Amino acid sequence: MAATSDSAREDVPPYRYTAALAAQIESRWQERWEREETFHAANPVGALSKGFTAVAGRRKYYLNDMFPYPSGAGLHVGHPLGYIGTDVLGRYLRMNGHHVVHTMGFDAFGLPAEQYAIETGQHPRVTTAANIETFRQQLRRLGLGHDRRRSVVTSDTGFYRWTQWIFLQIFEAWYDDAAGRARPLTALIAELDAGAREPAPGTNPFGRRWAALSQAERRHVIDDHRLAYLREAPVNWCPGLGTVLANEEVTAEGRSERGNFPVFRKPLKQWMLRITAYAERLLDDLERLDWPENVKEMQRNWIGRSAGARVRFPSLAGDIEIFTTRPDTVFGATYLVLAPEHPMVRALIAAIWPDGTREAWTGGAATPAEAMIAYQGSAARRTEVERQEIARTKTGVFTGSWATNPVSGARIPVFVADYVMMGYGTGAIMAVPGQDERDWEFAEAFDLPIVRTVEPPEDFRGKAYVGEGPAINSGFLDGLGIAEAKRRIVAWLEEHGVGAATVTYRLRDWLFSRQRYWGEPFPIVYDEVGLPVALPAAMLPVELPDMNDFAPPAYDPHDADTAPEPPLGRATEWATVTLDLGDGAKSYRRELNTMPQWAGSCWYEIRYLDPTNDRRFVDPEIERYWMGPRAPGDAGGVDLYVGGVEHAVLHLLYARFWQKVLFDLGYVSAVEPFRRLFNQGLVQAYAYTDERGVYVPAQEVEEHDGGFFWRGRPVTRQYGRMGKSLKNSVTPDEMYAAYGADTLRVYEMFTGPLDQSRPWETRAVVGSHRLLQRIWRTVIDEETGACRVADVAISDATLRLVHRTIAAVRDSIEGLRFNTAIARIAELNNHLTQAFAGRGVPRAVAEPLVLMLAPLAPHVAEELWSRLGHPCSLAWEPFPTANPARLVDETIEIPVQIDGKVRAIVLVASNADQAEMEHAARADARVAAYLAGRTVRKVVVVPGRLVNFVVG
RNA sequence: GCGAGAGUGGCGAAAUUGGCAGACGCGCUGGACUUAGGAUCCAGUGGGCCAAAAGCCCUUGGGGGUUCAACUCCCCCCUCUCGCACCA
C-alpha cells in the first residue's frame with residue numbers, strides 16, 4: 001500500500017495536496033460545517049424550524065440511505081458507497097435551490113447486535129453504543145452533509161416508545177374490506193353496537209348475532225378482527241437462533257437467512273400482523289413507484305397473486321375445498337390431493353383399505369392409518385439435501401376415502417402428498433393430470449386415470465398440456481377457449497353453490513414475535529384469563545429491563561424437539577406488574593416476546609423528520625411537508641431511497657405495510673414510504689484461501705508467474721463480498737490515512753455508475769488522489785501556496801469546454817453516474833493544465849471548476865473556494881449553469897467516410913448545410929484521391945455529424 | 001425449469017441513444033527530477049502486417065439480418081450474475 005508520508009520529504013513542494021494536507025483541510029471544514037450548522041435542514045414548524053423562512057421558497061427534497069446496523073467490525077470501504085452517492089447528490093441539489101433533508105441513523109435492535117454482544121460477553125446496550133460511536137466517527141470523517149440532529153437509534157427509548165405506539169395503533173385497528181382500508185376498532189364496535197354491521201366472515205364462531213353475544217364472546221370476535229393478533233399456528237422455529245422467524249427470513253432451503261441454521265415447523269402461539277389484508281394494495285401501488293423493475297418483480301412474486309376459484313368436493317368426511325387457477329379443467333380432475341398437514345386428513349383416513357385399492361396406493365401398509373404414519377415419518381426424517389434431490393419425484397399415500405367431482409359426478413380417490421403445500425390456497429388441490437405436469441407425474445406413479453380437457457395441437461408430443469386450446473371431454477364447456485371456459489364454469493359453480501371465483505396470495509401474515517432479548521418489548525400485558533390487553537399510550541415506553549443473562553438458551557440447532565423460551569421470562573420482577581387499567585389495580589403478566597429486527601426500520605424515515613417530538617411520532621405538518629404527495633394521485637414518500645437490493649422483499653415490504661396502516665388511520669399523508677428507490681452496487685474484492693481452505697490476508701498476497709502466492713505458498717483466488725472473516729477488508733481509515741477522505745469519495749464514485757458492483761482495487765486509488773492534486777495545482781501554486789488566479793485571456797475553445805463540461809457534469813450527477821462527472825472534470829482540468837501552463841488561470845474558469853468538484857470532493861473544494869477569496873461556504877452557492885450559446889463551436893470537425901469507413905476529417909462551419917458539407921468533404925485531398933475515377937452512388941450528409949460517400 | 005439483467009483493451013469503464021469505438025483512470029513501457037522512488041511530472045499504450053513511419057487490415061461473447069452507417073435495432077445461439085422455484 002502507498003501509505004507514504006511524502007509531505008515530510010524535503011523535495012516535495014511545501015504546498016502540495018498530500019494526505020497530510022488533506023487531513024488538515026478535512027477536519028477544518030468538518031468543524032466549520034458543524035459550527036455554522038451548514039447542513040441543518042429546517043422544518044416548517046416545531047423544534048427544528050429555526051431558519052425555515054430562509055429556505056421556504058426552495059423545493060424540498062428528502063434524501064435517505066438505508067440505515068446500517070452497527071456491527072462490531074466497523075465499516076469497510078464497501079459500506080459507504082451509497083452514503084457517498086447520496087451525499088454527492090444532496091450537495092448538488094442544495095447548490096441547485098433545493099431544501100435537502102439528509103441524515104443517518106442506526107438500526108440497533110435485533111439479532112446481529114445481540115449475537116455480537118453474546119460473542120464478546122458484553123451487554124448489547126454497551127456493545128451497541130460502542131459500535132455506533134465507531135460508525136459515527138468513521139462516517140464523520142467522510143464529510144457527509146448530514147443534519148446530525150435528526151439521527152435516531154432504534155434501540156433508544158425515545159425512539160422505540162413510538163415503535164410500541166405504532167404497534168398499539170395496529171393492534172387497535174381492523175381492516176374494513178368494504179371501505180378497502182384499515183379503521184380503528186372503536187368505529188367497528190360502534191357500528192356493531194348500533195346494528196349497522198355484523199362481524200366479518202370468519203370472526204364469529206358462535207353462530208349468533210353480535211347483539212346476542214356475551215361480553216367474552218364479543219371480546220373474542222373483536223380480537224379476531226385486529227391487524228395485530230395472537231394465533232396458534234405452525235411457525236418457523238429455529239433452535240440455532242433460539243427464536244421463531246418470519247417466512248421472509250427463511251430461505252428456500254428451509255434454513256434461516258441469518259446464520260443458515262435449520263428451521264422447523266412448530267405450532268406455537270405467536271403475534272401476527274395482518275399484512276395479507278394489504279396484499280392487493282401492496283401489489284397495485286407498486287405501479288405508482290419509481291423503483292427498479294427487478295425489485296418490483298420480487299415483491300410481486302412474493303405477494304404471489306393468483307386468480308382462480310375455490311371448489312367444494314363432497315366426501316363422507318365433509319366437503320373438501322380446493323383452490324385452482326384452472327377451474328376450466330375441472331372435468332379432468334381424476335383425484336384430489338391434500339397437504340400432509342391438512343386438518344381434514346385425520347377424518348378422511350378410512351379404517352381399512354376399500355375393495356379394489358391398488359397395491360401402489362397403500363405403500364405396503366396394512367391400513368390407511370399405518371400408511372399415513374409411515375408417510376409422515378419418512379418425510380420428517382429426510383434431510384434438506386435429500387428433499388432437494390427428490391423434490392421432483394412424487395410420493396404420497398391414499399387416504400382410503402373418495403370424493404365426488406361436483407361437476408362431472410365422478411367418484412375420485414383422495415390422496416395425501418407432500419407436493420401440495422398447506423400454506424397455499426386451501427392446502428388441497430383437484431388433480432388434473434392432463435393439464436398439469438406435477439399431477440401427470442403423480443398420476444403416472446400411482447396409475448391414476450388421465451383425462452385431457454384441452455385439446456393439444458397435433459404436433460404436441462409432451463405429457464401434460466398447459467397451453468391454449470379448445471376444451472374437450474368437458475360437457476357444456478367443449479369447444480371453448482380457456483378464458484371463456486373459466487368464465488362459464490365459475491358462473492356454473494356459483495349458481496350451484498359448489499364454488500366461487502377467488503383470489504389467493506402467496507403472502508402470509510407477518511409473524512411478529514421473537515424469543516430474543518434485544519428488541520422492542522410489546523406494549524401488551526395479559527389479564528387473569530390470559531387475554532392480551534393493550535397498555536395505554538401514556539404508559540409508554542415499556543422499557544426493556546436491564547438483564548445480565550440476556551442470551552437465549554443454547555439449543556442444538558438440529559433438535560426440532562426444543563421449544564422457544566423468551567429471555568424476558570427470566571426478568572421475573574419485570575414480567576409481572578400491577579396496574580390500574582381502568583377497573584382497579586390488578587396484577588398482569590407482561591408479554592415476554594420482543595418485536596423482530598424489522599420493526600424499527602418500518603418507520604424510522606418518518607422519525608428523522610421530527611426526531612425530538614415527545615407528543616407525537618411525527619407532527620402531521622412536518623410529515624406533509626417532507627413526504628406528502630405533490631399532486632393528486634401521487635403516492636408521496638421519501639424522494640430518493642438508496643440501499644442494497646438485499647432488502648427487496650423484507651424491509652421494503654414491511655415498511656410499505658406500516659406506512660399504509662398509518663395512512664389509513666390518518667397519521668400520515670403519504671401512501672408509500674419511498675417514492676423512488678435506487679439499489680447501489682456492491683464493492684467486491686478478491687479473497688484468497690490456502691490449500692486447507694483457510695483465508696489468508698488478501699493484502700499480503702503476491703501475483704507472479706501467472707499464479708497467486710502468500711508467503712511463497714500458492715493460494716486460490718475467489719471474488720465476492722468484502723468482510724473481516726474473508727481477510728479482504730479494507731477500512732476507510734486506511735484510506736483516510738493514505739490519501740484523505742476526498743480521495744476515497746472520488747475513487748468510490750469513479751469506479752462505475754452507482755448501481756453497479758465494482759471490485760475494490762487499493763492500488764488504483766492513487767489515480768483519484770492525483771486528480772485532486774492536479775486540480776489543487778491548477779488553483780494553488782505548490783511552491784508558494786499563492787492562488788494562481790490571474791487576469792489572462794480565455795480562448796473560445798476553453799470557454800466552450802467549460803460550458804460543455806458543466807452541461808455534462810450536471811447530466812451525469814442527475815443520472816447518478818458520478819464516474820462520468822469525474823471524467824469530465826478531469827478532462828477539463830487536463831485541458832487547463834495545457835492551456836494555462838505557467839500563466840495562472842482565469843477566475844472565470846477556476847471558479848466553475850471548483851464548484852463542480854464540490855459535491856464530489858467537498859473539503860478540498862471548500863478550501864480552494866475560500867482561497868479564491870470567498871468567505872462563505874460553497875455548500876449553498878449556485879452550481880454553475882451552462883450557457884447554451886457557449887456549447888456550440890463556430891467550426892466543427894466532421895468525419896468523412898468512404899463506404900462507411902472514416903478516411904478523413906474536415907473542418908466545416910457548425911451551421912453548414914448539406915451542400916456546404918459535401919463540398920468541404922470533396923475538397924479534401926485524401927477524399928478526392930479516394931473518389932478519383934470512381935462513381936459516387938450516393939452521398940449521405942448528416943448536418944453537424946458526418947459525410948458518407950457510397951461508391952462500392 | 002421460469003423470470004429479470006449483463007457480456008466492450010491486461011483491469012475499472014465511456015460512447016450526445018443509429019453517426020470518428022475505447023473518453024477518464026489503473027496498470028504497463030520509456031523519459032525527467034532524484035542518494036533513492038512504492039512520490040511527482042512528461043510521452044506512449046486495443047490487436048495485426050511493417051525495421052520504422054506512412055498506410056492498410058481486424059476488433060464491442062458467437063452467428064445471421066436491417067441500414068449509406070450497428071456496442072446501440074431485429075432473429076438464433078453461448079456464457080455469467082441475480083431473483084423465484086412442486087404456489088395448483
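Remember, it's a predicted structure, so these values are computed and weren't measured experimentally. In what follows, every chain begins at residue 1, and chains take the letters A, B, ... in the order their sequences are listed.
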K.L.:
Where the side chain of Arg777(A) is concerned, which of A69(B), U40(B), A88(B) is the nearest nucleotide?
P.N.:
U40(B)

K.L.:
Over 60° means perpendicular and under 30° means parallel, so tell me whether Phe442(A) and Tyr335(A) are parallel, tilted or perpendicular.
P.N.:
parallel

K.L.:
Who passes ring-ring contact (aromatic ring centres under 6.0 Å, His included) against Tyr747(A), sequence neighbours left out?
P.N.:
Trp760(A)

K.L.:
Between Tyr719(A) and G12(B), is there a side-chain N or O to OP1/OP2 distance below 4.0 Å?
P.N.:
no

K.L.:
Under 6.0 Å from the ring centre and within 45 degrees of the ring axis: does the NZ or CZ of Arg717(A) meet both conditions for the six-membered ring of Tyr686(A)?
P.N.:
yes

K.L.:
Holding to ring-ring contact (aromatic ring centres under 6.0 Å, His included), I want the full list of residues that pass it with Phe313(A), two or more places apart in sequence or in another chain.
P.N.:
none

K.L.:
Could you go through nucleotides 5-8 of chain B and list every protein N or O atom that sits under 3.5 Å from one of its N or O atoms, giving the distance for each pair?
P.N.:
none

K.L.:
If I take atom CZ in residue Arg817(A) and atom P in nucleotide A14(B), what distance separates them, rounded to the nearest angstrom?
P.N.:
9 Å

K.L.:
Within this structure, what is the CG-to-P distance between Asn301(A) and C84(B), rounded to whole angstrom?
P.N.:
9 Å

K.L.:
How many Å lie between CG on Leu336(A) and C1' on A88(B), as a whole number?
P.N.:
12 Å

K.L.:
Going by ring-ring contact (aromatic ring centres under 6.0 Å, His included), name the residues that satisfy it together with His647(A), two or more places apart in sequence or in a different chain.
P.N.:
His651(A)

K.L.:
For the side chain of Thr324(A), starting at C-beta, report the closest nucleotide among A88(B), G19(B), C86(B).
P.N.:
A88(B)

K.L.:
Taking G18(B) as the reference, what is the distance to A54(B) when you measure between their P atoms (whole Å, please)?
P.N.:
35 Å

K.L.:
Output all residues satisfying salt bridge (Lys or Arg N to Asp or Glu O under 4.0 Å) with Glu761(A), sequence neighbours left out; order by chain, then residue number.
P.N.:
Arg763(A)

K.L.:
Starting the side chain at C-beta, find the nucleotide from C86(B), C58(B), A85(B) nearest to Tyr419(A).
P.N.:
C86(B)

K.L.:
Between atom CD in Gln834(A) and atom P in C42(B), what is the gap in whole Å?
P.N.:
8 Å

K.L.:
Suppose we screen for side-chain contact (heavy atoms from CB on, under 4.5 Å). Which residues come up paired with Ala279(A), at least two apart in sequence or across chains?
P.N.:
Ile303(A), Tyr505(A), Leu507(A)

K.L.:
Separation of Gln756(A) atom CD from A4(B) atom P, in whole Å?
P.N.:
20 Å

K.L.:
In whole angstrom, give me the gap between the C1' atoms of A52(B) and G44(B).
P.N.:
15 Å

K.L.:
Identify whether any heavy atom of Met421(A) sits under 4.0 Å from a base atom; if not, whether one sits that close to sugar-phosphate; answer base, sugar-phosphate or nothing.
P.N.:
base

K.L.:
For Phe818(A), which residues count as a ring-ring contact (aromatic ring centres under 6.0 Å, His included) partner, sequence neighbours excluded?
P.N.:
none

K.L.:
Within 90° of 0 counts as syn, otherwise anti: where does U59(B) fall?
P.N.:
anti

K.L.:
Relative to the ring of Phe323(A), is the ring of Tyr424(A) parallel (under 30°), tilted (30 to 60°) or perpendicular (over 60°)?
P.N.:
perpendicular

K.L.:
Can you check the Asp811(A) CG to A15(B) C1' distance for me, whole Å?
P.N.:
13 Å

K.L.:
Tell me, which stems hold RNA chain B, with a stem being 3 or more Watson-Crick or G-U pairs in a row and both distances under 3.5 Å?
P.N.:
B:1-7 with B:78-84, B:10-12 with B:24-26, B:27-32 with B:40-45, B:46-49 with B:55-58, B:61-65 with B:73-77

K.L.:
Considering only the P atoms, how many Å lie between C73(B) and A14(B), rounded to the nearest integer?
P.N.:
16 Å

K.L.:
Among all residues two or more places apart in sequence or in another chain, which pass the side-chain contact (heavy atoms from CB on, under 4.5 Å) test with Leu931(A)?
P.N.:
Ile898(A), Arg922(A), Val927(A), Val936(A), Phe949(A), Val951(A)

K.L.:
Once you round it to whole Å, what is the distance between C1' of C84(B) and OH of Tyr424(A)?
P.N.:
14 Å

K.L.:
If a pair satisfies salt bridge (Lys or Arg N to Asp or Glu O under 4.0 Å) and one of its residues is in residues 323-335 of chain A, list it, with sequence neighbours excluded.
P.N.:
Arg326(A)-Asp328(A)

K.L.:
According to side chain to side chain donor-acceptor pair (under 3.5 Å), who are the partners of Thr502(A), at least two apart in sequence or on a separate chain?
P.N.:
none

K.L.:
Give the nucleotide from the list C57(B), C68(B), A14(B) with an atom nearest to the side chain of Asn948(A).
P.N.:
C68(B)

K.L.:
How should the glycosidic conformation of G9(B) be described, syn or anti, under the criterion that syn lies within 90° of 0?
P.N.:
syn

K.L.:
What pairs of nitrogen or oxygen atoms, one from the protein and one from nucleotides 20-27 of chain B, lie under 3.5 Å apart?
P.N.:
from: A23(B); atom 1: O2'; to: Glu827(A); atom 2: OE2; distance (Å): 2.8
from: G25(B); atom 1: OP1; to: Arg774(A); atom 2: NH2; distance (Å): 2.6
from: G25(B); atom 1: OP1; to: Asn830(A); atom 2: OD1; distance (Å): 3.4
from: G25(B); atom 1: OP1; to: Asn830(A); atom 2: ND2; distance (Å): 2.8
from: C26(B); atom 1: OP1; to: Arg770(A); atom 2: NH1; distance (Å): 2.3

K.L.:
Kindly assign one of parallel, tilted or perpendicular to the pair His769(A) and Tyr17(A), based on the angle between their ring planes and the thresholds 30° and 60°.
P.N.:
tilted

K.L.:
Would you mind reading off the distance between Gln914(A) atom CD and G19(B) atom P, rounded to a whole angstrom?
P.N.:
17 Å

K.L.:
Using the P atom on both, measure A21(B) against U60(B) and round to a whole Å.
P.N.:
12 Å

